Amino acid sequence: MEKELDAGPVTLLQVFKGEREYNSPLFQRRYVWGKSELPRLWTDIDSIIDGTEKTKFLGAIVLEVKSSGLAFQPDRYWIIDGQQRLTTLYTIILLLAKEAEKSKNPDLADSLYKQYLFNQDGKDKNKPKLIPTIQDYYQFYHLFRDIKILPPKLPTPYGEENNKLKAAEIYLLKEIKNRCFDKNKFDCDKATNLTTTILEKLKFVQIALGSNQEPQQVYDALNNRGMKLETTDILRNKIFQHVSSQPENADAFYNNNWRPFENELGNRLDDYFFPFALANKPSITKTSLASELGDKWKNSDPDKIVSELRVFLPTYHALTSENDKCRETVTSSKEINQSLTRLYRMEIPSSIYPFIFKLLESYSEESLSEDSTIKNLKLIESFLIRRAFAGYEPTGLHAVFKDLWNKTAGSPEVFIETFDKNKTVQFPADTEFKKYIQTKSLYKRRLSRYIVEEYERSLIGGDPYPEGIIPTIDHVIPQTLTDEWKRIVTNKKEFDKIKDTWGNLVPLSGNANSEKGQKTWKDVRKFFKTETIYKTTKRLAEENEHWDLDSVKRRSNELSIWAVKRWPKNF
C-alpha cells in the first residue's frame, strides 16, 4: 500500500537531536538568503527573547525519507522545502558553538557540537547533520574552520569562494555578537538563552513525503511561491528529475556533465537558455521557456540533454566571452572568426544570437558555404551600423530575428529581401545611409566608439589602441563655443545641427581630451599633430589648415563614402 504524507509540529531541537543527516538534493537551488530574509529571521527570534511572543511559527519543512532505523547509521532525509531556513539556523548554532569554544566555554561548545551539529555514531561520526546543495560546499566547508574540540568530516570543498552563504556567515556572526557579547566578551548565559530560544521555541510543521509523492514535483509546486527561481534553477531541476531517484547516478552526472557545463558559462549561464531555445523553436517565449524545454527533454537521457545544450556553446562564447582565444578557434575560417570578433566588439543584441547559432551550425555541418556565412555575418554588422546612424534603437529585433533562419536558410539575398519587405524594422539603403552620416548625431550613440575604432583600424591596418589606453570621442569644434570659435562659427543654428555628426568627431585618449579643452583650431591642430596617438586625428590636423562648418560637412561626406563601402548592403 502506498504511503501518504505524514505531517506534524516540530521544534529545531527535534529536527537536529539524534543521529540525523539532512541533504539538499542536486535539484535544489544554492543558498540565496540575504538582506531581506536574514533580518526577518532575527526579528522573529528577538520577539521571543524580549517576551513579545512565546513561540514563533516559521513554516513547513518538507522531507523525503531516504533511510531510517538502520544500525550505526543516521536517519537520512532529502530536504525538499525549507533548505534556506534550516541552513541558516544550523549556521547560527554552529557559529554560537565556535564562539563558545573560542571563548573558553567548552561545555556549551561540546554540547552543541555533539548533540545538534555532528553525528556521533559509527562511520558517520563527526559528519555534519546538514549538508547543503553541492554548489555551496566550498563556503560550507569553511564554516567549520578553527574547530578544535572534534575533527569534522566534511564534503570536498566545491563552489564559489564568495557567495551568499559567505555573506550570511558574516552577517549572522555580527548579529550573534550583538546579542551574546558584553563589552566585547562572550556571555555564556546570553548565548545559552539564544540557543535555547532557537532550538525550543521556533516551531515548524514537518512533512514527510509518502512513497506516492514525487519530490521534484513537490519542490516545483512549493517554489512557485516565495523567491523567484532563476531559469537555471528551474531547468536544472527538470534535468535532474531524470536521475533524482538514483543518488549515485545523480552525483556522477553532476560532477562529469552538469558542473563542467555550468562552470564553462559562469555568470553567462542564465542568459544562454533563451537564445538556445529560440534557435530550436522560434515560437518559444521567456514565459514558456522552462515548461517547453521540460517537455522537449521529458524522455531524454540527461547526458544527451547536456550534449544538446553544448551544440551552440562555441558560438555563444565567441559572442559573449571576454576570452579572446575562443574567437580565434570557433571555426576553421579566419574570416568568419574575425567577423564574429567584430560582432562581439559591437555587443550585438542577444535577439540576434539564434540566427547566428543556426548560421554557424549549418557552416560546421557543411550545408552552408564559407562565402555565404561570411556575407550573412557582414550583413548583420552593416544592418546594425546603418540603423545606429539612423537613430533606430536595437529594440524590436527579436520579432524578426527569432524566425529569420527559417525564412532565409542562410541565403544573403533573402536576408536583404526580408528586410526590404519589412516596413517596421528597416535596413537603410546607401543613399539614406550617407544622408544619416552627414546629418544625424553619432556622439553618444551606443556604437559610436566601435564606428570610430573601425575607421582608425582601416587607416593603420590593425588594433588602434595600445594596452591600457581607453579612447574617448572628442568634438573638434567644441560643444560650447568660446568667443574665438564664435568668430569662426557664425551660424549657431547650423552648428547645433551638425556638431555631433561624425564629421566633427575624432578619437582621443582621456588625458589628451582633457588637455585639449576648448582651444582654438590653431592650437588644436598643433596639439593633434604632436600629442595624439591616433592616425584619424593626426591626419585631420595635417590636411586641414582651417576648420569650420564647411570642413565638418566635407569630412562627413568623405566618411559617408568610406562607410558605404565598409558596411555594404549589397555584395
Side-chain angles (χ1 to χ4, degrees), residues 10-24 31 41-42 45 49 61 63 70-77 79 82-133 136-157 165-166 168-181 185-202 204:
V10 293
T11 62
L12 204 64
L13 184 148
Q14 293 169 296
V15 171
F16 283 129
K17 193 157 188 175
E19 298 296 295
R20 308 285 179 92
E21 182 180 282
Y22 297 95
N23 276 279
S24 296
Y31 186 82
L41 177 62
W42 281 112
I45 294 170
I49 293 174
I61 300 170
L63 306 171
L70 300 177
F72 308 111
Q73 290 187 32
D75 293 344
R76 302 185 193 277
Y77 303 90
I79 308 171
Q83 170 219 2
Q84 306 289 325
R85 290 187 293 276
L86 284 181
T87 302
T88 305
L89 292 166
Y90 183 91
T91 301
I92 292 174
I93 298 170
L94 176 62
L95 294 174
L96 278 164
K98 287 174 62 178
E99 288 302 312
E101 180 181 359
K102 191 191 304 182
S103 304
K104 306 294 190 266
N105 288 277
D107 291 343
L108 176 59
D110 189 77
S111 177
L112 292 177
Y113 286 144
K114 293 180 179 177
Q115 289 194 63
Y116 307 109
L117 296 169
F118 296 95
N119 286 309
Q120 294 299 300
D121 197 9
K123 65 180 182 179
D124 291 289
K125 184 174 183 179
N126 296 334
K127 283 187 177 180
K129 293 186 178 183
L130 180 138
I131 305 295
T133 188
D136 289 319
Y137 275 11
Y138 185 92
Q139 283 307 321
F140 185 72
Y141 181 93
H142 285 276
L143 285 175
F144 297 87
R145 61 190 179 277
D146 304 325
I147 294 177
K148 304 289 193 302
I149 289 178
L150 52 77
K153 291 181 182 176
L154 301 169
T156 302
L165 189 54
K166 172 65 177 176
E169 177 194 5
I170 295 169
Y171 174 81
L172 294 173
L173 184 57
K174 182 188 76 172
E175 295 300 316
I176 286 169
K177 288 183 175 181
N178 288 341
R179 291 162 178 79
C180 300
F181 277 66
K185 185 178 180 182
F186 183 78
D187 188 319
C188 191
D189 290 338
K190 288 183 178 180
T192 301
N193 182 45
L194 176 59
T195 305
T196 301
T197 298
I198 291 170
L199 288 171
E200 295 182 3
K201 298 181 181 180
L202 298 179
F204 306 86

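These figures come from a predicted structure and were not determined experimentally. Just so you know, residue 1 is the first one in the sequence shown, and it goes up from there. Quick note: numbers below take in every heavy atom, side chains included, and nothing from hydrogens, waters or symmetry partners.
Remark: the backbone N or O of Phe186 is not paired with any side-chain donor or acceptor of Lys177 at under 3.5 angstrom. The backbone N or O of Asp75 lies less than 3.5 Å from no partner atom in the side chain of Glu19, so there is not a single donor-acceptor pair. A donor-acceptor pair under 3.5 Å is formed between the side chain of Asp187 and the backbone N or O of Lys190. Side chain of Tyr116 to backbone of Leu13: no donor-acceptor contact under 3.5 angstrom is found. Side chain of Asn119 to main chain of Arg20: a donor-acceptor pair is present (N/O by atom type, distance under 3.5 Å, no hydrogens or angles).
Residues passing the salt bridge (charged side-chain N to carboxylate O under 4.0 Å, His left out) test with Arg76, sequence neighbours excluded: Glu21, Asp124. Arg179 meets the salt bridge (charged side-chain N to carboxylate O under 4.0 Å, His left out) test with Asp46, Glu175; sequence neighbours excluded. Lys114 pairs by the salt bridge (charged side-chain N to carboxylate O under 4.0 Å, His left out) definition with Asp110, not counting sequence neighbours.
Glu99 is listed as a side-chain neighbour of Leu173, based on a closest heavy-atom distance under 4.5 Å. Taking 4.5 Å as the limit, some side-chain heavy atom of Pro151 sits within range of a side-chain heavy atom of Asn126. Contact annotation: the side chain of Asp121 never approaches that of Pro74 to less than 4.5 Å [non-hydrogen atoms, C-beta and beyond]. Here the side chains of Thr197 and Leu202 are not in contact, with every heavy-atom distance at 4.5 Å or above. No side-chain heavy atom of Tyr90 sits under 4.5 Å from any side-chain heavy atom of Pro132.
Of all heavy-atom pairs between Ser24 and Ile79, the closest is OG-CD1, 4.0 Å. Nearest heavy atoms, Thr11 versus Leu199: CB-O, 3.4 Å. The minimum heavy-atom distance linking Ile61 with Leu63 is given by the pair CG2-CD2, 3.7 Å. Contact detail for Ala97 and Ala109: the closest heavy-atom pair is O-CB, 3.5 Å. Closest non-hydrogen pair, Arg145 versus Glu169, comes out as NH2-OE2, 2.9 Å. Residues Trp42 and Leu172 approach most closely at NE1-CD2, 3.4 Å, considering heavy atoms.
Using a cut-off of 4.0 Å between Lys/Arg side-chain N and Asp/Glu carboxylate O, Lys98 and Glu101 are scored as not salt-bridged.
Ring geometry for His142 against Tyr138 counts as tilted: the plane angle lies between 30° and 60°, on a 0 to 90° scale.
Checked by atom type, the side-chain pair Ser111/Gln115 shows a donor-acceptor distance below 3.5 Å.
Around the NZ atom of Lys125, the shell of radius 6.0 Å holds no more than 12 heavy atoms that belong to other residues, nucleotides or ligands. Heavy atoms from other residues, nucleotides or ligands lying under 6.0 Å from NZ of Lys201 number 12 at most. No more than 12 heavy atoms of other residues, nucleotides or ligands lie within 6.0 Å of OH in Tyr141, so this atom counts as exposed by the packing criterion.
Here Tyr22 contributes atom OH and Gln83 contributes atom CD; the two are 14.5 Å apart, rounded to the nearest 0.5 Å. To the nearest 0.5 Å, the span separating CD1 on Ile176 from CG on Leu94 amounts to 9.0 Å. Atom-to-atom distance recorded for Leu150:CG and Leu117:CG is 9.0 Å, nearest 0.5 angstrom. Atom-to-atom distance recorded for Asp107:CG and Ile149:CD1 is 8.5 Å, nearest 0.5 angstrom.
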Would Leu41 and Leu89 count as a side-chain contact (heavy atoms from CB on, under 4.5 Å) if you check the C-alpha gap in whole Å, the side-chain angles of each, and the deciding distance to 0.1 Å?
-> CA-CA 9 Å; Leu41 177 62; Leu89 292 166; 4.0 Å; yes

Step by step, work out the side-chain contact (heavy atoms from CB on, under 4.5 Å) result for Thr91 and Leu130.
-> CA-CA 10 Å; Thr91 301; Leu130 180 138; over 6 Å; no

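Ile131 pairs with exactly one of Thr87, Leu154, Asn23 by the side chain to side chain contact (heavy atoms under 4.5 Å, CB included) rule, that one being Asn23. The side-chain hydrogen bond (donor to acceptor under 3.5 Å, both in side chains) test with Tyr31 singles out one residue from Thr133, Asp136, Thr88, and that residue is Thr88.
Two rings, from Phe118 and Phe16, have their centers 6.0 Å or more apart.
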